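Below: one structure, written as structure tokens.
Keep in mind that this is a model prediction, so the values were computed, not measured. Convention: sequence-line order gives letters A, B, ...; per-chain numbering from 1.
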Protein chains: 2
Amino acid sequence: MKITSSTEYATRLIVNLGRTFGAAAVSTEKLSESENVPADYVNQLLLRLKRAGLVQSHRGSGGGYSLSRSPEKITLGEVLRAVEGTIFEDVCGKYNDGRKDCHHQGHCGISPVWQKLAALIEQYFDSITLAHLMEEKAGSCGKVEAMLGRIPQ
Amino acid sequence: MKITSSTEYATRLIVNLGRTFGAAAVSTEKLSESENVPADYVNQLLLRLKRAGLVQSHRGSGGGYSLSRSPEKITLGEVLRAVEGTIFEDVCGKYNDGRKDCHHQGHCGISPVWQKLAALIEQYFDSITLAHLMEEKAGSCGKVEAMLGRIPQ
DNA sequence: AACATACTTGACTATTTTAGTCAAGTATCG
DNA sequence: CGATACTTGACTAAAATAGTCAAGTATGTT
Ligand code: FES
Ligand code: FES
């Protein structure tokens, strides 16, 4: 799974934008200062969020970024896929030049575990919205039960 | 989360040992050949598994490694912690020289999400035994429901 | 005892990934 | 027109990963 500085920063940045949703756009320099992330890095990350359609940009003086949807309609999963590409990369076949050298191919007991983990993680991230993240009390970090029904056994 | 080549290899190696549980020990060279992992790397990984008490070594000719417990009593979580140290590293405070520069410290909506994810993943890995991994049919990769009861909301 | 087998230890290196930087743009507002 | 601020893509330093190497030590067999 890819949890890098981009993950951490992008999450903080978009939550920051969520706080001023409906109000004026925020410049990357302001974001850089308030979230303590290098300015050029902020640019890079917000550009990816923009390309994924999660935020809008407004050029020129007084411009900046703003959410393109309300915080309830943006999930953490979308944010992470936007900045990292894919959240959980396949484990089997990643090493040994891509060929699966497992002896029990087709009915292997290991690979389903990685696949299910991937599903578990994706579903978890998709169950969490920006609105959840903006709540300033701990404990509301996704309803795990609700999400479980959708994981294939 | 740390899912590296060590993770992948160590899992395959210990499953391999599981298959001959009760029979003779298997040399690292044999393991290297049958699992297609560099011999010196196999040595390194099995040594870590040994230090964690999951496998036993037998020196001298005819020696090798064998499980030190039955496959039902070894979990994937134990294996991963043995080879990687910690499975999921803290996200908050990992960047920005260790200080949490979140504006809503103490009641932040983001950090509980990483913490819960970590718990989710650890519980999942701990719910899977070597015996599960050895079953050569897909689909028996841990009972997610059972594991959920133990995750703090 | 000698010898081959096979684990043990720890340092070392090449490769890849991550984190962050830089420069040269383009569009918009006032 | 000029300042503000996004846009693009390449570039670099630092860290992590993947794998190697060499010099051991212990054990079973002959
Ligand atoms: S297919 Fe990857 S370990 Fe079996
Ligand atoms: S404490 Fe890390 S983002 Fe709030």
Between [options], spot the one nearest the side chain of [X], thanks.
| X | options | answer |
| --- | --- | --- |
| Gln44(A) | dG30(C), dT25(D), dA10(D) | dA10(D) |
| Pro38(B) | dG20(C), dC6(D), dT20(D) | dT20(D) |
| Asn43(B) | dT8(C), dT29(D), dT21(C) | dT8(C) |
| Arg51(A) | dT20(D), dC6(D), dG9(D) | dG9(D) |
| Asp40(A) | dT7(D), dT21(C), dT8(C) | dT21(C) |
| Arg59(A) | dT29(D), dT8(C), dC6(D) | dC6(D) |
| Leu47(B) | dT5(C), dT9(C), dC6(D) | dT9(C) |
| Thr4(A) | dA19(C), dC6(D), dT8(C) | dA19(C) |

For [X] and [N], what is the distance between atoms [atom1] and [atom2] respectively, to the nearest whole Å?
| X | N | atom1 | atom2 | value |
| --- | --- | --- | --- | --- |
| Leu17(B) | dA6(C) | CG | P | 15 Å |
| Leu46(A) | dT7(D) | CG | P | 9 Å |
| Lys2(B) | dA16(D) | NZ | P | 9 Å |
| Asn36(B) | dG19(D) | CG | P | 10 Å |
| Met1(A) | dT18(C) | CE | P | 13 Å |
| Leu13(A) | dA19(C) | CG | P | 14 Å |
| Gln56(A) | dC6(D) | CD | P | 14 Å |
| Glu8(A) | dT18(C) | CD | P | 16 Å |

Next item on the list: With a 4.0 Å heavy-atom cut-off, tell me which residues in residues 20-30 of chain B come close to DNA chain D, sorted by residue number.
Entry: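 The stretch gives none, as no residue of it lies under 4.0 Å from the strand.
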For [N] and [X] - does any side-chain N or O of the residue sit under 4.0 Å from the phosphate oxygens OP1/OP2?
| X | N | value |
| --- | --- | --- |
| Tyr41(A) | dT18(C) | no |
| Ser5(B) | dA18(D) | yes |
| Tyr9(A) | dT18(C) | no |
| Lys50(A) | dC6(D) | no |

Check: How many angstroms lie between atom CG of Asn16(A) and atom NZ of Lys30(A), to the nearest 0.5 angstrom?
Finding: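 Output value for this atom pair is 11.5 Å.
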Next item on the list: Please round to the nearest 0.5 Å and tell me the distance separating atom CG of Leu80(A) and atom OG1 of Thr86(A).
Entry: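 Between Leu80(A) CG and Thr86(A) OG1, I get 10.5 Å after rounding to 0.5 Å.
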Notebook entry, point to check: Is Leu47(B) close to Tyr65(B) at the side-chain level, that is, under 4.5 Å between some pair of heavy atoms?
Noted result: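 Contact flag for Tyr65(B)/Leu47(B) side chains = yes.
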Check: Side-chain contact, heavy-atom cut-off 4.5 Å: Lys94(B) with Glu89(B)?
Finding: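 They are in contact (side-chain heavy atoms under 4.5 Å apart), so the answer is yes.
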For the student: nearest non-hydrogen atoms of [X] and [Y], plus distance:
| X | Y | result |
| --- | --- | --- |
| Phe125(B) | Ile3(B) | CZ-CD1, 4.3 Å |
| Gly18(A) | Met134(A) | O-CE, 3.4 Å |
| Met1(B) | Met1(A) | CE-CE, 3.3 Å |

Next item on the list: Give a yes or no on whether the backbone of Thr28(B) and the side-chain of Ser32(B) come within a donor-acceptor separation of less than 3.5 Å.
Entry: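 Such a contact is absent between Ser32(B) side chain and Thr28(B) backbone.
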Note to self: Using modelled atom types and a 3.5 Å cut-off, is there a donor and acceptor pairing between side-chain atoms of Arg48(B) and backbone atoms of Ala82(B)?
What the structure shows: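 Not confirmed, Arg48(B) side chain does not pair with Ala82(B) backbone.
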Notebook entry, point to check: Does a donor on one side chain and an acceptor on the other come within less than 3.5 Å for Ser70(A) and Glu72(A)?
Noted result: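 A pair is found: one side chain offers a donor N or O, the other an acceptor, under 3.5 Å apart.
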Next item on the list: Rounded to 10°, tell me the angle between the two end axes of the helix from dA1(C)-dT30(D) to dG30(C)-dC1(D), each built from five pairs.
Entry: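 One end axis against the other gives 10°.
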